[in-house]
2 protein chains.
Amino acid sequence: MPEATVARLPLYLRSLLEAQHANAATISSERLAELAGVNAAKVRKDLSYLGSYGTRGVGYDVEYLLFQMSRELGLTQDWPVAIVGLGNLGQALANYMGFGDRGFPIVALCDADPRVVGTEVHGVVVRHVEDLPVIAAAHGISIGIIATPASAAQDVADRLVAAGVSSILNFAPTVLSVPEEVSIRKVDLAVELQILSFYQQRRSGGPKLPPLDIPVGVED
Amino acid sequence: MPEATVARLPLYLRSLLEAQHANAATISSERLAELAGVNAAKVRKDLSYLGSYGTRGVGYDVEYLLFQMSRELGLTQDWPVAIVGLGNLGQALANYMGFGDRGFPIVALCDADPRVVGTEVHGVVVRHVEDLPVIAAAHGISIGIIATPASAAQDVADRLVAAGVSSILNFAPTVLSVPEEVSIRKVDLAVELQILSFYQQRRSGGPKLPPLDIPVGVED
DNA sequence: CGCCGCTTGTTCACGTGGTCACAAACCCTT
DNA sequence: AAGGGTTTGTGACCACGTGAACAAGCGGCG
């Protein structure tokens, strides 16, 4: 299955949940495309990778497609998650996702700072990052989230891999090297902002040197 | 310039900063590729879009390339940012990025909850989302970050656009529709985890809970 | 001063993903 | 039961991005 398709499946899943919430029994590829914000033909081709679960002239059964897609995405089981690094971002993630999403229970929190270890965040006691192997084995953790500073990220990644974690979501602004068999995805806020900056500048009409001399603070 | 190239420029920028920090005067495409985690040929092709700033037989002058890239990315000027939605994530972003990155000062915070409006986060007073037009104009805000629940995201996006914001970074798990001329990028934690879940399951050898007595439609 | 090694910039072939278009298949109506 | 309208599934085509290979160009060395 194409990687691009895999990346869209979660969007379809969410759109299907919306449709289900609106009491729709079936949904057409066109409607689903509208909800997911993509092309209708792309939706059909993507869904065809899962199998022929649609009915010509009718559309897709929402319930059934939801089940099949959840199964394909591996959401019929829980995937215990460990968060490493409990700065601002790590704490926010611990609190945010605990009630935000089902299927990814946060069962472990780790940090290297002895002042943080032992404290409790979102009902989970923070352990030392050294204990990762034991913790991971005990909870069957397969997904790790890195929310440390960039300088510590590679070390944490190595520890996660050594502890048997084979999926990593990296929030640290650095490139991580991991074994072939480990999946890794990154979320980099600075990169996103810089991309926006690039297009923003383009629209603003090329490089603006110092044309801005706006007197701010007038609002107060 | 290809969109894929634009998305990599920030990686090169960060790698160049690392090289600069290591007192490297020049850098080869191969070394830069290693730092950025991409192919060397891709690096050269990407950099060629910026112009011929390299020297054959030597490499790229780190200082000079840094300057050119910063200019291209629009980082020679500040881009004031507004964050809308100050739940766990919004607050973390306000605290995290304030000292994390240069060039994107957080000059405004907005929320719709009257209990949050008026409080102070990271030294900035939270204003009501209704005041966005005034605030945006006063600070020259061109980038907005949406950190609200999904249900409020489209409304906030509309308000941002109406206030003149033309670049949006969306953390809410929903598809936003904005005018053609507005750039939008999304960061969706649930989607990232589900993608990891997909590959994780594949590696684990198919569905982990196979003891299902589902009477699969008898195939004729 | 000319040769040699090194690195860039560019060209080319390839693979992946996106879009279009249409036959096949299904439901509903008559 | 047959036909019309609707929607899926898929094959063909096109655009884009990637990776390798190579000539052009630069600095250093004898």
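Below, read A as the first sequence line, B as the second, and so on, with proteins coming before strands; counting in each chain starts at 1. All values reported here derive from a predicted model rather than from experimental measurement.
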Distance check needed: D/dT18 C1' versus B/Glu3 CD, whole Å only. 16 Å
Would you mind classifying the nucleic acid contact of A/Glu30 as base, sugar-phosphate or nothing, using non-hydrogen atoms under 4.0 angstrom? nothing
Any donor-acceptor N/O pair, B/Arg203 side chain to A/Ser166 backbone, under 3.5 Å: yes
Check nucleotides 12-15 of chain D for protein N or O atoms closer than 3.5 Å to its own N or O atoms and list the pairs.
residue, atom, partner, partner atom, Å
D/dA12, N6, A/Lys45, NZ, 3.0

Does a salt bridge link B/Glu72 with A/Arg202, judged by any charged N lying under 4.0 Å from a carboxylate O? yes
Give B/Ala41 one of three labels, base, sugar-phosphate or nothing, depending on what nucleic acid heavy atoms sit under 4.0 Å from its own. base
Sugar-phosphate, base or nothing in reach of A/Tyr53, heavy atoms under 4.0 Å: sugar-phosphate
Interatomic distance where CG belongs to A/Asp46 and C1' belongs to D/dT10 [whole Å]: 13 Å
Is it true that a side-chain atom of B/Asp78 and a backbone atom of B/Pro80 form a donor plus acceptor pair closer than 3.5 Å? no
In whole angstrom, give the distance that lies between atom CG of A/Leu50 and atom P of D/dT10. 12 Å
By nearest nucleotide on DNA chain D, pick out whichever of A/Gly54 and B/Val58 is the more 5' one. A/Gly54
Heavy-atom donor-acceptor pair, A/Arg185 side chain to B/Leu196 backbone, under 3.5 Å: no
Could you state the CD1-C1' distance from A/Ile27 to D/dT7, rounded to the nearest angstrom? 13 Å
Sidechain-backbone polar pair: A/Ser197 side chain, A/Leu193 backbone, donor-acceptor under 3.5 Å: no
Examine distances only and state if a side-chain atom of B/Glu192 and a backbone atom of A/Lys186 form a donor-acceptor pair shorter than 3.5 Å. no
Taken to the nearest whole Å, OH/A/Tyr49 to P/D/dT10 is 10 Å
Is a salt bridge present between B/Arg31 and B/Glu18, judged by a nitrogen-to-oxygen distance below 4.0 Å? no
Would you tell me if any nitrogen or oxygen in the side chain of A/Thr55 comes within less than 4.0 Å of OP1 or OP2 on D/dT8? no
Hey, which of these two, A/Gly57 or A/Thr5, hits DNA chain C nearer its 5' end, going by closest nucleotide? A/Thr5
Expressed in angstrom and rounded to an integer, what is the separation of A/Leu65 atom CG from D/dT7 atom P? 16 Å
Do B/Tyr60 and B/Tyr53 have ring centroids that are under 6.0 Å from one another? no
Min and max contacting nt of DNA chain C in 5' to 3' order, chain B heavy atoms within under 4.0 angstrom, are C/dC6 to C/dC12
Please report, rounded to the nearest Å, how far the P atom of D/dG19 is from the NZ atom of B/Lys42. 4 Å
Taking only the side-chain nitrogens and oxygens of B/Arg8, find out if one of them lies under 4.0 Å from OP1 or OP2 of D/dT18. yes
Starting from P on D/dG17, measure out to CG on B/Leu9 and report it in whole angstrom. 13 Å
What I want to find out is whether B/Asp155 reaches B/Arg159 closely enough, with some N-O distance under 4.0 Å, to be called a salt bridge. yes
